[in-house]
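Structure first, commentary second.
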Amino acid sequence: MDLNTRVIHEGQVHDPATGSHVSPIYQTSTYVLPNFKEAVRLNQDVNAGFSYSRFGSPTVAEFERKIAALEGAEAALGTASGLAAISIATMSKLGAGSHLIFGDVIYGCSFTLFTQILPHYGVEYTIVDTTDPEAVKKAMRPNTKVIYVETPANPTLKITDIAAIAEIAHAQKDVTLVVDSTFASPYLQNPLALGADAVVHSATKYLCGHGTALGGVIAGKQAYIDRCRMPFIQCFGSVLDPFAAWQIMQGMKSLGLRMERHCENAQKVAEFLEGHKNVTKVYYPGLPSFGKYHELAKKQMRGFGGMMSVDIKGGQDGAATVMESVEIISLATSLGNIDSLIQHSPSMSHFDMTPEERHAVEIFDGQVRLSVGCECVDDLIADLDQALNKIKL
Amino acid sequence: MKFNTKVIHEGQGVDPVTLAHVSPIYQTSTYILPDYAAAVEANKPGDPGFHYSRTKHPSEYELSCKLAALELTEAAVSCASGLGAISLASMNLLSSGDHFIFGDVVYGCTHTLFTKVLPKFGVEHTIVDMKDPEAVRQALRPNTKMVYIETPSNPTLKCVDIRAIADIAHSQEGITVVTDNTFATPFNTNPAELGSDVVVHSLTKYLCGHGTVVAGVVCGTKEFVQSCRAPYLQTLGSTIDPFAAWLVMQGLKTFAVRMERHCENAMKVAEFLEGHPKVERVYYPGLASHPSHEIAKKQMRSFGAMMSADIKGGMEGAATLMDNVRIFGLATSLGTVDSLIQHSPVMSHAGMTPEARHAVEIYDNQVRISVGLEDVEDLIEDLDQALSLIRHA
């Protein structure tokens, strides 16, 4: 089946009770069991049916089946947000005294989780440039349990070679490679096929695609997902609401169409920006000027995505002028929506890093991040052009 | 404002744009900022407006303000489940090397969080029978950071003296008292008035009341709640969906009137069961025979609607009852308009070993009953006919 067909049909079962084409929203906390024997059976195997919505619900299970199929995973677990997926995917493999390696460019709140929360619980970490596999190899310790990679990375779009890192991870026993593939979506990249053990997504972004719901998902081997479910989501309680899951599935129906348009529009916007006099640098995997990252993206992605960052002339003031002067593009955090969004990474998505930490990884003060939507690309380019031309140098 | 009025009106504002009486459902992940200065402001610590729904959104905030008012605390933060609330509060208070104390009868998944997940992250605990508050004093250590109370406890309805335990806990500096008030609800008890620093709820239960949503809340000081939002909710990601929050608010409108009937019905059901030849023992705080009756009279305005009952004929007797009720649903969860029955050893408390259960009076022949709002004569008749089917008792 072609990817577009799979995006639409995977995991979907027509409701046997009514024939309803779109699955019902199971907005219920609990399930009435036919007898005590069934209660005993469900207690022994959480995957045998539904008993309480914190452990799983039919609506969330359909979403999980879809993602597992699209990511080529044995199983998946839906969560209340991307950060819920990231915290469970990593904490289920970590404990006091264990060690985590993660990339130097990752989403700001993932950075906060790894540098401010996990150390409270005795988890050690090393930050490395995961685009350099040798650096990852050097950071390995006997107690390393998780390597966490974000590719393309938020916000500078650096590309990490998943297969190369997987090889390093698996040279040591019991190391789990977790890849945040939010920027790519399963339409453009499948980390498990490249050797990753688990893939996480903020479903809030491209999967939902319409900016209406928060959600997250972890996909991987059955035993790993079972452990993420029990005891982790059972105890952390970061469960995905059925209505939110249903909205994400509605959004996913057009994932293929949207991603094609996102990529097409983004390529044109990136090329336009690269030629603009008030732009210093464009970070987009689809541009040949992106060098080794462009080459790697060509190898491990099916398209270059809809995200980019841009260094604006005039520093922070220049960036502010662009953000305040755009008319179609909205100034808001988040990304992957059908509507185009612009934001300032240093003060929004990555505010928890110190200026020194940001500058060291090319998150500059004059940098804006652009999530290119599915509007007519000519309108987007005209909007950016008029905003960029307002910069006074 | 008296309680019923408060339940209906507290925290509610009429939508200034449309004058809609019931607040809109803010089903959005992000918020458009007017200018760059607002973006910078939004990411400063403190209590800013809305900028990304993971840490705070208008539907969540309205619900949380209502709950803070009902629990007589400065602030509250709602989240994706009761366990979401319990893990947020306890992980906020505890770190690797810290110690906490909790009661010997708590909800099964709370027990799993405390005994299976937190120890992995270097957090130590002592389980005590809090019926004797002095036992808490004896368990105190220099590194004790939290005392966790559940009263009435799930499933044996043991009630503990919040005031006495809070006084002992506060005799040592740096200890926070957290009370799970799910069974009592703010209709019956306000732990904050009795010295508890933090109150948590599974909103899934009485506060929503209709079994449609899984949700939770942490109530406490402004400062504590803000630290639960960021960095804890921010990084653990257990956000409540806006529609789910809105559903809880709908349920909350009838909370006070529902509680009156719940308590009235439960008292009659408990008295009926106590006199039934197929019932060995009834655990209900409203019965003079219940060991916690006196403390319940002191700290509860009425006795709630949860009870457990030891059934004659062992586990088979309990199974006969659960398999033969017609109005009661055999399901986990509780606090819904509909009456539910379940088997604690196999369902809510399956995470405990048989030995651990038996030591705290969770016996294999025990069922837990959540008395709903049906006509109480029908409920009694239903239990009577099911109990009468038990043989050899």
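Each chain gets a letter, A, B and so on, in the order its sequence line appears, and its residues count up from 1.
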How long is the straight-line distance from CD of B:Q342 back to OG of A:S51, given to the nearest 0.5 Å? 10.5 Å
For the CZ atom of B:F121 and the CE atom of A:M91, what is their distance to the nearest 0.5 Å? 4.0 Å
Hey, does A:C109 have a side-chain heavy atom less than 4.5 Å from the side chain of B:R54? yes
More than 12 non-hydrogen atoms from neighbouring residues, nucleotides or ligands closer than 6.0 Å to CD on B:E316, yes or no? no
Pairs of heavy atoms under 4.5 Å with chain A: top-ranked of B:L83, B:T28, B:V123: B:L83
Using a cut-off of under 4.5 Å for heavy-atom pairs, which of B:P34, B:G329, B:S53 has the most such pairs with chain A? B:S53
Partner chain B: residue of A:M323, A:Q116, A:R54 with the largest heavy-atom pair count (under 4.5 Å): A:R54
Relative to chain A, which segment of B:V117 carries a heavy atom at a distance below 4.5 Å: side chain, backbone, both, or neither? side chain
Could you tell me which portion of B:L94 (side chain, backbone, both or neither) has an atom closer than 4.5 angstrom to a non-hydrogen atom of chain A? backbone
If you count the non-hydrogen atoms of other residues, nucleotides and ligands that lie under 6.0 Å from NZ in A:K37, is the total more than 12? no
Working to the nearest 0.5 Å, report the span between CG of A:L83 and OG1 of B:T239. 8.5 Å
Grab the two heavy atoms, one from B:S95 and one from A:H120, that are nearest each other, plus how far apart they are. OG-ND1, 3.1 Å
Atom group of B:Y107 that falls short of 4.5 Å from chain A, counting heavy atoms: side chain
Which residue out of B:A37, B:G211, B:A42 racks up the most heavy-atom pairs below 4.5 Å with chain A? B:G211
How many angstroms lie between atom OG of B:S87 and atom CD of A:Q234, to the nearest 0.5 angstrom? 11.5 Å
Should A:Q316 and B:Y36 count as side-chain neighbours, where that means a heavy-atom distance under 4.5 Å? yes
Counting a contact as any heavy-atom pair under 4.5 Å apart, which residues of residues 237-250 of chain A contact chain B? A:G237, A:S238, A:V239, A:D241, A:F243, A:A244, A:Q247
Go through the atoms of B:C79 and report whether side chain, backbone, both or neither lie under 4.5 Å from a heavy atom of chain A. neither
For A:E324, all residues meeting salt bridge (charged side-chain N to carboxylate O under 4.0 Å, His left out), sequence neighbours excluded: none
Max heavy-atom pair count under 4.5 Å with chain A, selected residue of B:D35, B:L330, B:V214: B:L330
Taking A:S81 for its side chain and B:G237 for its backbone only, find out whether a donor-acceptor pair lies under 3.5 Å. yes
Please report the closest heavy-atom contact between B:K205 and A:Y52, naming both atoms and the distance. NZ-OH, 3.2 Å
CD/B:Q234 to CD1/A:I117 distance, rounded to the nearest 0.5 angstrom? 7.5 Å
Is there a side-chain contact between B:M347 and A:N43 in this structure, where contact means two heavy atoms from C-beta onward sitting under 4.5 Å apart? no
